[in-house]
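In each ligand, atom 1 is the first atom listed, and ligand 1 is the first ligand listed. The chain is numbered in sequence order, starting from 1. Keep in mind that what you see is a predicted model, and the values were worked out from it rather than measured.
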Amino acid sequence: MGIETNVRLFCSDLDGTLLGEPEATADFIEAWNAIEGERPILVYSTGRLDGDAKRMIKLHGMPEPDFYTTGVGTMIFSVKDGAMLDEFSESLNKSWDLEKVREIVAGLVDIEEQPPEQQHDWKSSWFWRGRTNSEIDSLRKELQKAGLAAQVIYSTSRDLDILPVAANKGNAITWLTNYLGVNLQETVVAGDSGNDSSMFLLEGVKGIAPANAEPELLEALDGMPVFRAKRTSARGVIDGLRHYGVFS
Ligand code: GLC
Ligand code: MG
């Protein structure tokens with residue numbers, strides 16, 4: 001049985017959350033389209049960049065969202081306006097030095113830069129496989145020592161993103177809810193990996209972690225009142241949205 005809530009905004013990750021198991025994705029689409037009355041504002045929050053995210057949505061026949069936050073919370077796109085909300089990305093510029101970040105990260109052992117289509121002015125992305133928390137922390141310290149205001153995000157024991165401090169999925173959704181006048185208490189977030197943890201950690205937000213959630217996310221959410229679904233990916237999301245009263 002779902003609980004009565006006033007959910008005004010639903011923000012979900014794509015890969016491993018709404019996407020990954022085509023039949024589960026199809027079930028989500030059906031459930032979303034069957035909502036009676038007003039639907040929550042729909043936001044897709046992904047590590048992919050803008051064009052790539054939109055292609056995925058089309059390819060999988062997903063409902064068109066109201067907003068995308070792309071590049072691990074470095075850009076926000078408004079579908080209705082057909083435009084980026086530039087004030088958000090511009091607010092990231094402070095003390096961000098992409099070239100210096102790249103120089104330092106390139107010196108790490110066994111690191112490989114992700115392809116150019118994954119990079120942009122506020123996102124430096126790499127493959128760095130099987131690293132421990134302490135290795136990730138050392139990198140944080142190294143960037144700090146070099147005077148760089150950068151944050152390090154590690155996902156699926158492989159993907160390393162270095163972003164300006166004011167970016168990440170959580171900060172992007174905070175900015176967007178402020179912009180829209182929506183409270184975090186009226187917001188549901190869903191995600192499966194490290195780059196999603198900043199959304200779950202927002203005060204008052206309601207979280208959904210599907211059964212396939214990565215250890216690094218579960219570790220970050222330890223002790224938090226998150227809905228831990230028994231089913232994987234989009235079916236786990238369906239169960240969570242039922243729990244929070246969005247789906248009947
Ligand atoms: C997506 C992006 C990649 C990023 C990863 C984790 O896969 O394409 O660049 O590293 O998400 O955030
Ligand atoms: Mg994911």
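Protein heavy atom at the shortest distance from atom 2 (C) of ligand 1 is G47 O, 3.3 Å. Shortest contact from atom 9 (O) of ligand 1 to any protein heavy atom: Q114 OE1, 2.5 Å. With hydrogens left out, the protein atom closest to atom 5 (C) of ligand 1 is D159 OD2, 3.4 Å, a heavy atom.
The existence of a salt bridge linking K206 and E186 is excluded, since no basic side-chain nitrogen approaches an acidic carboxylate oxygen closer than 4.0 Å. One finds a salt bridge joining D27 and R235 here, because a Lys/Arg side-chain nitrogen approaches an Asp/Glu carboxylate oxygen to under 4.0 Å. Classification of K230 and D239 as a salt-bridged pair fails, no side-chain N sitting under 4.0 Å from a carboxylate O.
For the pair R242 and Y244, the cation does not sit on the ring face, since its NZ or CZ is not both under 6.0 Å from the ring centre and inside 45° of the axis.
Screening residues 155-168 for salt bridge (Lys or Arg N to Asp or Glu O under 4.0 Å), with sequence neighbours left out, gives no hits. For residues 209-222, there are no salt bridge (Lys or Arg N to Asp or Glu O under 4.0 Å) pairs, not counting sequence neighbours.
Ligand 1 places these atoms under 4.0 Å from at least one heavy atom of K123: 3 (C), 9 (O). Atoms of ligand 1 lying under 4.0 Å from any heavy atom of V72, numbered from 1 in the order shown and given with element: 12 (O). Close approach to D161 involves these atoms of ligand 1, each under 4.0 Å from a residue heavy atom: 4 (C), 6 (C), 10 (O), 12 (O).
Nearest residue to atom 8 (O) of ligand 1 from R48, Q118, Q119 is Q118 (criterion: closest heavy atom).
Residue side and main chain included, D192 places an N/O/S atom under 2.8 Å of the Mg ion (ligand 2).
The name of the N, O or S atom in D15 nearest to the Mg ion (ligand 2) is O. Its N, O or S atom nearest to the Mg ion (ligand 2) is what matters here, and for D13 that atom is OD2.
Screening L184, N183, V189, I173 for a side chain to side chain contact (heavy atoms under 4.5 Å, CB included) involving L9 leaves a single residue, I173.
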